[in-house]
Amino acid sequence: MNYRHIFHAGNAADVMKHAVLAWLLDRLLAKETPFFVLDTHAGIGRYDLDDQAASRTGEALRGIRRVMDGNGAASLPEGAKPYLDLLARLNEGAAGVRTYPGSPLIARMMMREQDRLLLAELHADDVQTLRSLFRGDVQVSVHHMDGWLSLKAHLPPKERRGLVVIDPPFEAPDEYERLVAALALAHRRWATGQYLLWYPVKDRAAVWQFHQMLEDTGIPKMLAAELCWSDDDRSDRLNGSGLILVNPPWKTEETLSSLLPALQTALAAGVGPVGCRWLRDENGKPA
Ligand code: SAM
């Protein structure tokens, strides 16, 4: 395991993923009943963008810092509000964004006292950092375990309502296949849960094959969203960021259709493809 998220924290892919995550969590807040969040590949939860590792790659400069330091944030639509509010809360009194929330902290900051968060992280050092972030927090449990196995171990949750975030590092050559198999397994255990899966957009043929495999699972109500910063078709570089949403709430398509192009503009992310489309609609029909 070589991947460390600190080198990538706050990059354009994080901005897309986390803006959508915060919006989904905000929708879960609409009902009083408790919700559960499982984050299978949690990372360390909170990132200092001035840290040496983060500064070395400078990815946040082309990501969240570009959005916040320019005028980009002001022109973002309503769908970005939960994410922007959270960043403002976390960096209150500071100039710009220095502290950047990973998916665990985003979930934690948006939860109420009735909600529960379960985190899986396999890296021995990173899980310790994550543990110290949530030490003493009775609503959060941190597990040093394989995130793929956590799906089997912890689904379905007793709350019967909530979200599963699956955000693997894509280090293994078969990560797309793994993601599809994991979703199929999780969905068999908990068909009514919401799912948010991240994937890299590299060459189009690989993405097309991935979408085809997802369609072949027959899972209904599955939306694919992408924000690309290049229309290159090269497999050796990240050309964009993709998300698969299963059972997304009402108005997701409408929200993403305005949010994603606006984020692309705020990121000055060029002219790559952006938008979303149903892989299967709510009746299970390929769209
Ligand atoms: N979801 C995080 C966020 O948005 O802030 C970022 C996660 S990062 C892309 C992937 C993480 O998965 C890394 O911290 C890595 O150590 C961890 N990881 C790699 N393989 C894993 C596995 N099999 N199970 C759990 N965690 C794993």
Side-chain angles (χ1 to χ4, degrees), residues 1-25 37-49 51 53-54 57 59-60 63-64 82-83 86-87 90 97 99-110 117-134 140-155 163-183 185-186 194-202 225 227 238 240-245 263:
M1 284 177 59
N2 296 318
Y3 186 95
R4 313 298 297 275
H5 197 65
I6 182 69
F7 291 102
H8 311 288
N11 67 8
D14 261 8
V15 170
M16 181 221 192
K17 171 177 63 187
H18 293 153
V20 174
L21 171 63
W23 186 78
L24 290 175
L25 289 162
V37 178
L38 168 61
D39 192 342
T40 60
H41 295 72
I44 60 172
R46 184 176 61 196
Y47 300 88
D48 177 357
L49 297 183
D51 179 283
T57 61
E59 290 195 24
I64 191 57
Y83 177 56
L86 196 133
L87 287 172
L90 200 55
V97 177
T99 306
Y100 188 78
S103 47
L105 190 57
I106 293 175
R108 183 61 188 102
M109 287 178 72
M110 295 189 69
L117 173 63
L118 196 147
L119 306 169
E121 170 56 51
L122 200 53
H123 195 288
D125 295 340
D126 287 357
V127 79
Q128 288 314 329
T129 310
L130 196 60
R131 281 213 167 109
S132 25
L133 181 61
F134 295 114
V140 183
S141 48
V142 179
H143 295 246
H144 184 201
M145 76 181 294
D146 187 333
W148 304 113
L149 298 181
S150 72
L151 295 165
K152 209 166 179 178
H154 299 289
L155 297 182
L163 174 68
V164 179
V165 181
I166 311 180
D167 181 21
F170 274 84
E171 285 182 312
D174 63 344
E175 211 88 298
Y176 283 117
E177 285 84 353
R178 235 184 190 182
L179 200 48
V180 176
L183 176 65
L185 176 141
Q194 290 183 32
Y195 294 86
L196 181 69
L197 281 57
W198 183 83
Y199 66 91
V201 178
K202 292 186 173 176
L227 188 168
L238 190 63
S241 168
L243 292 171
I244 300 296
L245 292 86
L263 281 177

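Just follow the structure's listing: the first ligand is 1, and inside any ligand the first atom is 1. Keep in mind that this is a model prediction, so the values were computed, not measured.
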Do Pro104 and ligand 1 have an N or O pair less than 3.5 Å apart? no

N/O to N/O below 3.5 Å, does that happen between Ala120 and ligand 1? no

Evaluating non-hydrogen atoms only, which member of Glu121, His8, His5 is closest to atom 13 (C) of ligand 1? Glu121

Have a look at Ile166, Val127, Val165, Leu122 and point out the one with the heavy atom closest to atom 26 (N) of ligand 1. Leu122

Counting only N and O atoms by type, is there a donor-acceptor contact under 3.5 Å from the side chain of Glu59 to the main-chain atoms of Asn11? no

Leu90 backbone acceptor or donor facing Thr99 side chain under 3.5 Å: no

Within the 4.0 Å heavy-atom shell around [X], which atoms of ligand 1 are there?
X      : answer
His123 : 16 (O)
Gly102 : 5 (O)
Gly43  : 14 (O)
Asp167 : 1 (N), 2 (C), 3 (C), 4 (O), 6 (C), 7 (C), 8 (S), 9 (C), 10 (C)
Asp146 : 22 (C), 23 (N), 24 (N)
Lys17  : 4 (O)
Pro169 : 19 (C)

So which atom in [X] and which in [Y] form the shortest heavy-atom distance, rounded to 0.1 Å?
X      : Y      : answer
His144 : His123 : NE2-C, 4.3 Å
Ala225 : Met16  : O-CE, 3.6 Å
Leu119 : Pro104 : CD2-CB, 3.6 Å

Within 6.0 Å of CZ in Arg131, more than 12 heavy atoms from elsewhere: yes

For ligand 1, is there an atom lying under 4.0 Å from some heavy atom of [X]?
X      : answer
Thr40  : yes
Arg4   : no
Met145 : yes

Any idea which protein heavy atom is nearest [atom], and the distance to it?
atom                    : result
atom 4 (O) of ligand 1  : His18 NE2, 2.8 Å
atom 3 (C) of ligand 1  : Ser103 OG, 3.0 Å
atom 24 (N) of ligand 1 : Gly147 N, 2.7 Å
atom 8 (S) of ligand 1  : Tyr3 CE2, 3.5 Å

Could you tell me whether the side chain of [Y] reaches within less than 4.5 Å of the side chain of [X], counting heavy atoms only?
X      : Y      : result
Pro169 : His5   : no
His8   : Asp14  : no
Phe134 : Leu130 : yes
Ile166 : Leu151 : yes

Could you tell me the separation between the CG atom of Leu38 and the NE2 atom of His143, rounded to the nearest 0.5 Å? 9.0 Å

With heavy atoms under 4.0 Å as the rule, classify the contact between Ser150 and ligand 1 as side chain, backbone, both or neither. neither

The answer for which part of His41 has a heavy atom under 4.0 Å from ligand 1 is both

Assign the ring pair Phe170 / Tyr176 to parallel, tilted or perpendicular, where the plane angle (0 to 90°) is split at 30° and 60°. perpendicular

